[in-house]
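Naming convention: chains lettered A, B, ... in sequence-line order (proteins, then strands); numbering from 1 in each chain.
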Amino acid sequence: MGRTPCCDKNGLKKGPWTTEEDQKLIDYIQKNGSGNWRILPKNAGLQRCGKSCRLRWTNYLRPDIKRGKFSLEEEETIIHLHSILGNKWSAIAVRLPGRTDNEIKNYWNTHIRKKLLRMGIDPITHRPRLDLLDLNSIFNPSLYNSTQWNNNLSRLLGVQSLVNPEISQFPLIFSPPKPKFLIAK
DNA sequence: AATATAAGCAACCGCCTCTTG
DNA sequence: ACAAGAGGCGGTTGCTTATAT
């Protein structure tokens with residue numbers, strides 16, 4: 001039943017890629033395309049599993065990858081898309097040509113996330129952190145509303161519309177994501 | 001100059017969905 | 001319809017480099 005095993009994991013190399021390995025992978029894909037990752041390592045003469053080859057190609061070797069610092073525009077796009085999509089890095093990457101999901105994820109975790117936290121914004125919900133607000137602001141909505149917050153935040157970051165208005169209505173009831181095992185198939 | 005700590009990032013791990021036989 | 005592998009994705013780790021003391 002099913003298909004033949006992916007690859008014999010014994011003896012396969014792990015860890016950082018060498019320039020020779022990179023070149024083998026590039027040469028093979030330029031000649032044959034990046035279709036079947038299962039047979040690719042063997043045909044390309046690589047002691048790697050297909051998964052490792054795919055990751056190396058998509059995150060590093062692909063010719064259309066844009067390397068270097070993220071622009072302010074890209075950062076704004078990431079924040080905006082994250083407010084809508086959450087941690088769907090591959091979906092976010094689709095909207096940022098030349099950037100990989102891994103690169104965006106790393107940038108989020110090392111830069112943007114910290115930046116938002118410094119500003120008192122929860123990087124998950126894109127709303128003010130409740131533990132940093134005084135009770136008056138929580139129980140007296142007239143003192144504080146999402147539009148004000150969004151406007152202030154947008155002004156600080158130079159973003160036109162930071163948060164999707166549909167989800168930024170500052171609900172006082174926090175609803176965490178439904179665990180995967182509770183989601184019916 | 002040496003050491004400690006923080007930041008950045010490539011790559012791995014494990015889970016989930018899709019595809020195939 | 002079902003089982004099992006392939007491919008894809010997000011989370012995490014651990015190595016390297018930069019900065020502070």
Side-chain angles (χ1 to χ4, degrees), chain A residues 1-126 157 164 167 175-185:
Chain A
M1 288 293 164
R3 294 191 271 196
T4 52
C6 155
C7 53
D8 179 14
K9 301 214 171 189
N10 296 327
L12 291 180
K13 200 182 164 202
K14 284 167 70 173
W17 280 65
T18 64
T19 48
E20 289 79 21
E21 287 177 311
D22 283 346
Q23 200 52 55
K24 279 185 182 178
L25 186 56
I26 292 166
D27 289 345
Y28 181 86
I29 290 176
Q30 280 177 348
K31 278 184 193 166
N32 305 284
S34 59
N36 194 332
W37 295 109
R38 183 174 63 90
I39 60 167
L40 186 149
K42 194 181 174 184
N43 290 348
L46 290 161
Q47 297 295 309
R48 298 271 183 176
C49 73
K51 216 170 180 176
S52 181
C53 294
R54 182 180 60 79
L55 214 63
R56 183 64 179 170
W57 174 256
T58 55
N59 286 340
Y60 201 83
L61 299 175
R62 247 172 45 201
D64 58 325
I65 285 179
K66 188 202 295 180
R67 306 209 70 82
K69 282 194 73 176
F70 280 74
S71 67
L72 186 63
E73 197 176 21
E74 286 176 312
E75 189 173 317
E76 290 167 1
T77 305
I78 294 168
I79 294 170
H80 178 65
L81 291 174
H82 188 273
S83 74
I84 300 166
L85 301 167
N87 293 1
K88 301 289 178 196
W89 307 116
S90 56
I92 294 171
V94 169
R95 302 282 291 273
L96 286 159
R99 300 293 188 183
T100 70
D101 53 355
N102 203 40
E103 200 178 8
I104 294 167
K105 177 173 61 182
N106 281 335
Y107 190 71
W108 175 269
N109 286 327
T110 55
H111 293 89
I112 301 175
R113 195 174 156 275
K114 288 172 188 172
K115 193 171 178 177
L116 292 178
L117 284 170
R118 274 199 302 273
M119 295 170 69
I121 301 158
D122 187 323
I124 299 168
T125 61
H126 290 255
L157 285 177
N164 180 355
I167 63 167
S175 54
K178 201 173 182 179
K180 282 182 180 175
F181 61 84
L182 290 176
I183 299 170
K185 293 198 172 185

Which residues share a side chain to side chain contact (heavy atoms under 4.5 Å, CB included) with A/S90, sequence neighbours left out:
A/D101
Rounded distance in Å - CZ (A/R54) to P (C/dA6)
13 Å
Spacing of A/R48 atom CZ relative to B/dA11 atom C1', expressed in whole Å
9 Å
Would you mind classifying the nucleic acid contact of A/T58 as base, sugar-phosphate or nothing, using non-hydrogen atoms under 4.0 angstrom?
nothing
A/I39 CD1 - C/dG5 P separation (whole Å)
18 Å
For the helix from B/dA2-C/dT21 to B/dG21-C/dC2, what is the angle between the axes at its two ends, each from 5 pairs, rounded to 10°?
10°
Who are the ring pair (Phe, Tyr, Trp, His ring centres under 6.0 Å) partners of A/Y60, not counting sequence neighbours?
none
Residues that A/R95 engages under side chain to side chain contact (heavy atoms under 4.5 Å, CB included), provided they are two or more places apart:
A/L81
Write down the distance between NE2 (A/H82) and C1' (C/dC9), rounded to a whole number of angstrom.
14 Å
Sequence neighbours excluded, the answer for side chain to side chain contact (heavy atoms under 4.5 Å, CB included) partners of A/L55 is A/N59
Could you tell me which residues satisfy salt bridge (charged side-chain N to carboxylate O under 4.0 Å, His left out) with A/R56, sequence neighbours excluded, listed by chain and number?
A/D22
Return the value, rounded to whole Å, for the distance between atom CH2 of A/W57 and atom P of C/dA6.
22 Å
Let me know the distance between CZ of A/R67 and C1' of B/dC9, rounded to the nearest Å.
9 Å
Determine: side-chain N/O of A/H111 to OP1/OP2 of B/dA7, distance under 4.0 Å, yes or no.
no
Residues from residues 16-25 of chain A lying under 4.0 Å of DNA chain B - heavy atoms
A/P16, A/W17
Please list every donor-acceptor pair under 3.5 Å in which a side-chain atom of residues 107-114 of chain A meets a protein atom from a residue at least two apart or in another chain.
unit_1	atom_1	unit_2	atom_2	d
A/Y107	OH	A/E75	OE1	2.8
A/N109	ND2	A/K105	O	3.3
A/T110	OG1	A/N106	O	2.7

Got a sec, which residues hit salt bridge (charged side-chain N to carboxylate O under 4.0 Å, His left out) with A/K66, two or more places apart in sequence or on another chain?
A/E74
How close or far is atom P of C/dA6 from atom CG of A/N36, stated in whole angstroms?
9 Å
base_contact_polar (C/dG8 base, A/K51 side chain, donor-acceptor, <3.5 Å):
yes
Can you list everything that forms a side chain to side chain donor-acceptor pair (under 3.5 Å) with A/Q47? Sequence neighbours excluded, please.
none
Under 3.5 Å, N/O pairs linking protein and nucleotides 12-15 of chain C:
none

Reckon A/K14 has a side-chain N or O less than 4.0 Å from the OP1 or OP2 of B/dC13?
yes
How many whole angstroms separate atom CD1 of A/I104 from atom P of C/dG11?
14 Å
For residues 11-18 of chain A, please give each side-chain donor-acceptor pair under 3.5 Å, one per line with the distance, not counting sequence neighbours.
unit_1	atom_1	unit_2	atom_2	d
A/K13	NZ	A/E21	OE1	3.3
A/W17	NE1	A/S52	OG	3.4
A/T18	OG1	A/E21	N	3.2
A/T18	OG1	A/E21	OE1	3.4

